[in-house]
Amino acid sequence: MLLVLLMATIAPVTYAQSSNDLGQQILRYIGPRPREGYWDIFFIYPLFFFALVTLFMQGDKEIVTTMIMATVLLLIVLSKLAPLGVFNTLGRSVGGDPLIFDYPQGLLLFIIHCGIFALPIIVAGMTRAKKSRGPAILTGVLGGIYLFAFWFVMQRPGSEIENQFQSMLFQFL
């Protein structure tokens, strides 16, 4: 714990000396993306909220379900950062196949979305805290809808419908 506090005091000093504004960069990363903001607003942010609620509702002695929900939160953050090219650089550094690491058609992103769908359902079945089952099931159902919708609109072979869907949504909003 002391090491974490020490790192928290050193990191701001280090980043304050850098030339780029870290706060603006972080806000740009976690804020809605300009062209794909509907994925964030309808899925990513509610998924993160319900997964966080489920994480905090776990009992004191349920470390396995707590760790699974922490993994779901990590997968949601990775899904949020995927359009920034996180997996593309990983694929190039290890000589990986673009069919696995590219955004949005990469297999790795599909596996991440499957984890966002399946893991909360597993937590809902494993937990002894009955109050956390509702948010866990809601997170799993919303994750399943996000998995299918993202696959249908963005990942499916021949998904030229993505541009039509975006223009239709922006006209509606």
Side-chain angles (χ1 to χ4, degrees), residues 24-58 65-127 132-173:
Q24 293 297 324
Q25 187 176 8
I26 290 172
L27 287 176
R28 191 174 55 243
Y29 285 170
I30 64 171
R33 296 176 290 243
R35 294 201 30 105
E36 297 175 355
Y38 54 90
W39 293 113
D40 295 340
I41 293 168
F42 294 132
F43 294 109
I44 296 291
Y45 297 143
L47 275 169
F48 190 84
F49 173 73
F50 288 125
L52 193 64
V53 167
T54 306
L55 175 78
F56 286 136
M57 292 177 106
Q58 295 303 311
T65 57
T66 304
M67 294 303 292
I68 291 173
M69 286 313 295
T71 304
V72 170
L73 288 171
L74 175 70
L75 293 176
I76 292 170
V77 169
L78 286 175
S79 177
K80 172 73 174 123
L81 296 178
L84 301 174
V86 174
F87 302 130
N88 295 345
T89 57
L90 176 70
R92 285 190 208 108
S93 66
V94 295
D97 189 4
L99 292 175
I100 296 174
F101 295 104
D102 273 352
Y103 178 84
Q105 281 89 13
L107 179 65
L108 184 60
L109 191 60
F110 183 74
I111 292 170
I112 286 172
H113 291 162
C114 287
I116 292 172
F117 164 57
L119 292 177
I121 302 291
I122 293 171
V123 167
M126 286 178 57
T127 187
S132 70
R133 285 195 179 131
I137 290 171
L138 186 62
T139 304
V141 168
L142 189 61
I145 294 169
Y146 176 53
L147 166 72
F148 179 74
F150 193 87
W151 170 81
F152 187 77
V153 174
M154 301 282 282
Q155 288 186 325
R156 185 174 50 100
S159 63
E160 295 87 21
I161 192 171
E162 192 262 344
N163 292 329
Q164 297 169 356
F165 180 73
Q166 278 184 355
S167 63
M168 180 182 68
L169 186 67
F170 286 128
Q171 287 175 359
F172 179 71
L173 297 175

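In what follows, every heavy atom counts, from backbone to side chain, and hydrogens, waters and symmetry copies are set aside.
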With heavy-atom distances below 4.5 Å as the criterion, would you say the side chains of Lys80 and Tyr45 are in contact? yes
Rounding to 0.5 Å, atoms OG1 (Thr139) and CD1 (Ile76) come to a distance of 7.0 Å
Rounded distance [0.5 Å steps], CE in Met57 versus CG in Leu52: 11.5 Å
Between Arg133 and Thr127, what is the shortest heavy-atom contact and its length? NH2-O, 2.8 Å
Which is it for Phe117 and Ile145 under the side chain to side chain contact (heavy atoms under 4.5 Å, CB included) test, yes or no, and what are the steps along the way? CA-CA 8 Å; Phe117 164 57; Ile145 294 169; over 6 Å; no
Shortest non-hydrogen separation from Val141 to Ile121 and the atoms involved: N-CD1, 4.4 Å
Stepwise, does the side chain to side chain contact (heavy atoms under 4.5 Å, CB included) test hold for Val72 with Val123? CA-CA 10 Å; Val72 170; Val123 167; over 6 Å; no
Enter the distance from Ser79:OG to Phe150:CZ here, rounded to the nearest 0.5 Å. 6.5 Å
Between Phe152 and Phe148, what is the ring plane arrangement, given parallel below 30°, perpendicular above 60°, and tilted in between? parallel
Taking side chain as C-beta onward, heavy atoms only, is Phe110 less than 4.5 Å from Cys114? yes
Rounding to 0.5 Å, atoms CG (Leu47) and CG (Leu138) come to a distance of 9.0 Å
Separation between CG (Leu142) and CD1 (Ile44), nearest 0.5 Å, reads 9.5 Å
Which value, rounded to the nearest 0.5 Å, describes the distance between Leu73 atom CG and Ile68 atom CD1? 12.5 Å
If you look at every heavy atom in Ile137 and Ala124, which pair is closest and at what distance? CG1-CB, 3.6 Å
Minimum side-chain heavy-atom gap Pro120-Thr54 below 4.5 Å: no
